[in-house]
Amino acid sequence: MEEDDIRVPVYLITGFLESGKTSFINKTVRQDYFQIPQATLIISTEEGEEEYDSADLTKYRTFVQDIESEEEFTYEKLCEFERDVHPGRVLLELNPLWGVRKAEELKLPEGWGIVQEIVNVDAVTYPVYRVNMKSLFTEMFANTDLVIFNRCKEDMQLSDFRRGIKVTNPACELAFEGTDGEMIDLFQDTLPYDMDADVINIEDCDYGIFYVDMQDDPEKYEGKTVHFRGKVKKPSGLGSKRFALGWSAMTCCADDVQFIGYICASPDAPKYAEGDWVEITAKVEIRHLMAYRGKGPVFRVQEISRCEAPESDLVYFN
């Protein structure tokens, strides 16, 4: 459905049990900026430690409906809610075990449409869940617009958390909330390479950090000269004097590998074939390209040569 055709915006809010979904919704619906003349419908799909005070929520024209089992999570059930509440907005608090992809693909009542996806994450349990439930996390993060880490502490590796998500979904926003409930200012990573060097040398083990940092703040690399190695890719549409150079990233399992790289420009490009490993020294330009669907880096190659492939061509973000 086109955004202009959406009459009832649906906010899909997910995260594992006790990740802070209900707290987030309870706080949000009571904010002045969130009030609308029409009714707000909260669809709750699991019971956690915190509950909704239905009587109090009516002060904010907000009504709660429960779905107790995955089998009840159907188009017909949502139509029943539409008839009963006539909402102007829906907050769907989704149990991720039911499948985020299923919710994205589920037929919705006429005029309803998902406009934003939000994932709540308990920073304390995240490392364990990430190791043991990688595929579920990857599905949650794939199309999300915002990831909120709560219960963050100073000694946590927040930069590692961010990198693990950014490789799955570079466009999503991240927020970090401390144990006091206050938002933590977006931190600056300490990069493992010297940004002030005449030539910024990117070691193999640091390519993932380089890739994510370039995604976050490409302008700071404008005019810089970099040196790294990677695998050549030649997707259609780049022309004879351009190629993509990068590594493969494993985001959750051996079956979930994607190429992450950037476009290089060189008159010698025709000499190199798909799959060749090369090392380059190149100057970074930020340009509008159709391949990026907007602005992105172009590496103007100054030096290029074939090199040996690494023992493993995978970048990990765990």
Side-chain angles (χ1 to χ4, degrees), residues 138 141-143 163 165-172 191-317:
T138 299
F141 295 147
N143 296 314
R163 291 181 193 120
I165 292 169
K166 281 290 191 176
V167 71
T168 302
N169 182 349
C172 75
L191 297 172
Y193 44 82
D194 184 2
M195 285 294 295
D196 295 322
D198 292 338
V199 178
I200 302 171
N201 188 48
I202 312 298
E203 299 288 348
D204 293 350
C205 60
D206 296 328
Y207 179 80
I209 297 172
F210 169 67
Y211 175 82
V212 171
D213 196 58
M214 178 73 79
Q215 287 274 345
D216 283 350
D217 192 4
E219 282 75 15
K220 79 179 182 185
Y221 289 89
E222 175 91 59
K224 300 284 188 179
T225 301
V226 299
H227 177 270
F228 66 98
R229 69 170 171 168
K231 182 191 292 184
V232 172
K233 289 285 186 180
K234 291 201 165 184
S236 60
L238 286 186
S240 63
K241 295 183 179 180
R242 288 178 177 170
F243 59 92
L245 188 67
W247 288 63
S248 298
M250 182 181 291
T251 57
C252 74
C253 59
D255 295 327
D256 188 10
V257 175
Q258 58 180 310
F259 177 81
I260 57 171
Y262 292 112
I263 294 171
C264 300
S266 170
D268 292 327
K271 299 178 182 178
Y272 301 96
E274 176 96 7
D276 282 350
W277 277 85
V278 301
E279 57 180 324
I280 65 167
T281 301
K283 191 170 186 177
V284 180
E285 295 180 1
I286 306 301
R287 297 187 55 188
H288 280 277
L289 288 178
M290 289 184 63
Y292 291 136
R293 297 180 181 177
K295 279 187 176 182
V298 175
F299 294 89
R300 293 288 177 187
V301 177
Q302 299 169 343
E303 299 178 12
I304 181 171
S305 61
R306 284 185 176 84
C307 64
E308 291 185 3
E311 291 185 8
S312 172
D313 66 349
L314 292 175
V315 175
Y316 293 86
F317 293 82

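What you see below is based on every heavy atom in this structure, not just the backbone, and it leaves out hydrogens, waters and symmetry mates. In this text, all values refer to a predicted model and were calculated from it rather than measured experimentally.
Annotation: side chain of Trp247 is not in contact with side chain of Phe259 (no heavy-atom distance under 4.5 Å). Taking the side chain as every heavy atom from C-beta outward, Ser266 and Arg300 never approach each other to under 4.5 Å. Under the 4.5 Å side-chain criterion, counting only non-hydrogen atoms from C-beta, Ser305 is in contact with Glu279.
For the atom pair CD of Glu222 and NZ of Lys283, the computed distance is 9.0 Å after rounding to the nearest 0.5 Å. Atoms CG and OG, on Asp313 and Ser248 in that order, are 4.5 Å from each other to the nearest 0.5 Å. Summarising the geometry, atom CG belonging to Asp198 is positioned 14.5 Å from atom NE2 belonging to His227; distances are rounded to the nearest 0.5 Å. Of the inter-residue distances, the one linking Glu311 atom CD with Asp204 atom CG reads 11.0 Å to the nearest 0.5 angstrom. The distance from the OH atom of Tyr193 to the CG atom of Asp206 is 7.5 Å, given to the nearest 0.5 Å. To the nearest 0.5 Å, atoms NZ (Lys233) and CG (Leu245) are separated by 11.5 Å.
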Evaluate the side-chain contact (heavy atoms from CB on, under 4.5 Å) criterion for residues Val298 and Val284: first the C-alpha distance (whole Å), next the side-chain angles of each, then the deciding distance (0.1 Å), finally the verdict.
-> CA-CA 6 Å; Val298 175; Val284 180; over 6 Å; no
Would you check, one step at a time, whether the test side-chain contact (heavy atoms from CB on, under 4.5 Å) holds for Cys264 with Ile280?
-> CA-CA 9 Å; Cys264 300; Ile280 65 167; 3.8 Å; yes
Run the side-chain contact (heavy atoms from CB on, under 4.5 Å) check on Arg306 and Asp276 step by step: do they pass?
-> CA-CA 7 Å; Arg306 284 185 176 84; Asp276 282 350; 3.5 Å; yes
When you look at Ile263 and Leu238, which way does the side-chain contact (heavy atoms from CB on, under 4.5 Å) test go after all the steps?
-> CA-CA 8 Å; Ile263 294 171; Leu238 286 186; 3.7 Å; yes
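The minimum heavy-atom distance linking Cys307 with Val278 is given by the pair SG-C, 3.6 Å. Between Arg229 and Ala309, the closest heavy-atom pair is NH1-C, 4.0 Å. Contact record, Ile286 with Pro218: CD1-O, 3.5 Å, taken as the closest heavy-atom pair. What you find for Ile200 and Asp194 is that their closest heavy atoms are CG1-O, 3.5 Å. For the pair Tyr262 and Pro297, the tightest heavy-atom approach, listed with the atom from each and the gap, is CD2-CG, 3.3 Å.
Heavy atoms from other residues, nucleotides or ligands lying under 6.0 Å from CD of Glu219 number more than 12. Environment of CE in Met195: crowded, with over 12 heavy atoms of neighbouring residues, nucleotides or ligands closer than 6.0 Å.
Checked by atom type, the side-chain pair Gln215/Asp213 shows no donor-acceptor distance below 3.5 Å.
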Pair up each side-chain donor or acceptor in residues 267-274 with any protein partner under 3.5 Å, not counting sequence neighbours, and list the distances.
from: Asp268; atom 1: OD1; to: Lys271; atom 2: NZ; distance (Å): 3.3
from: Glu274; atom 1: OE1; to: Lys234; atom 2: N; distance (Å): 2.6

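A ring-centre distance under 6.0 Å is not found for Phe243 and Phe299.
Using bins of under 30°, 30° to 60° and over 60° for the plane-to-plane angle, the ring pair Phe228/Tyr207 lands in the tilted bin.
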